[in-house]
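In what follows, every heavy atom counts, from backbone to side chain, and hydrogens, waters and symmetry copies are set aside. Positions are given from 1, in the same order as the sequence printed here.
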Amino acid sequence: MRVHLKDESETQRLGKKLAAIARPGDVLLLEGQLGAGKSSLVRAFIRAAMGDARLTVPSPTFTLVQSYETPAGAAIFHYDLWRLDGPAALEELGWDEALGGIVLVEWPDRLGGLTPPSAWRLRFSLAGAGRDVEIEGDLRGFDAT
């Protein structure tokens, strides 16, 4: 499925829709260049899952992972692997434990062989003033419109 997002509000809306269908065990891999909208979508996803539109959602660029406990009791793990050399360091970051929750990964190419085969892939690319997102995976009949 390919979706065109005209602006930031449409990116946020997509993040909210994905949060509504995500369940523990789901892994979302967000690919794309810097500034393509990955972090914006993740922030909207986490805020929607937490039920707090004003929640501060820092980028884990330096910490590599941020975790959240939703009101429903599901754990969300947001990984930013930009600074990671490779998959060996993921053990120290609680990767195996995180897979029992909802996992969002920016720069998933750093996962190597640890990439879950059932992960949802979101490939972001800039398209004029907006962005395109190619979505792959079993998203439970997800409708992006």
Original post:
Quick one: are Ser39 and Val42 in side-chain contact, heavy atoms under 4.5 Å?
Top reply: no

Original post:
Is the closest side-chain heavy-atom distance between Val133 and Arg2 below 4.5 Å?
Top reply: no

Original post:
Can you name the closest pair of heavy atoms from Thr11 and Gly37 and give their distance?
Top reply: CG2-O, 3.8 Å

Original post:
Do Glu31 and Arg121 come within less than 4.5 Å of each other through their side chains, counting heavy atoms only?
Top reply: yes

Original post:
Are any non-hydrogen side-chain atoms of Tyr68 and Ile46 less than 4.5 angstrom apart?
Top reply: yes

Original post:
Is any side-chain heavy atom of Val27 closer than 4.5 Å to a side-chain heavy atom of Phe77?
Top reply: no

Subject >> Side chains of Leu5 and Leu41 in contact at under 4.5 Å (non-hydrogen atoms) >> reply: no

Original post:
Side chains of Ile135 and Val3: closer than 4.5 Å at any heavy-atom pair?
Top reply: yes

Original post:
Are the aromatic ring centres of Tyr79 and Trp107 under 6.0 angstrom apart?
Top reply: no

Subject >> Stepwise side-chain contact (heavy atoms from CB on, under 4.5 Å) check, Trp120 with Leu139 >> reply: CA-CA 7 Å; Trp120 304 351; Leu139 279 73; 3.8 Å; yes

Subject >> Sequence-distant partners of Lys16, salt bridge (Lys or Arg N to Asp or Glu O under 4.0 Å), two or more places apart >> reply: none

Original post:
Under a 4.5 Å cut-off applied to non-hydrogen side-chain atoms, are Leu90 and Leu111 in contact?
Top reply: yes

Original post:
Are the side chain of Arg110 and the backbone N or O of Trp82 linked by a donor-acceptor pair below 3.5 Å?
Top reply: yes

Subject >> Distance (rounded to the nearest 0.5 Å) between Arg131 CZ and Leu126 CG >> reply: 7.0 Å

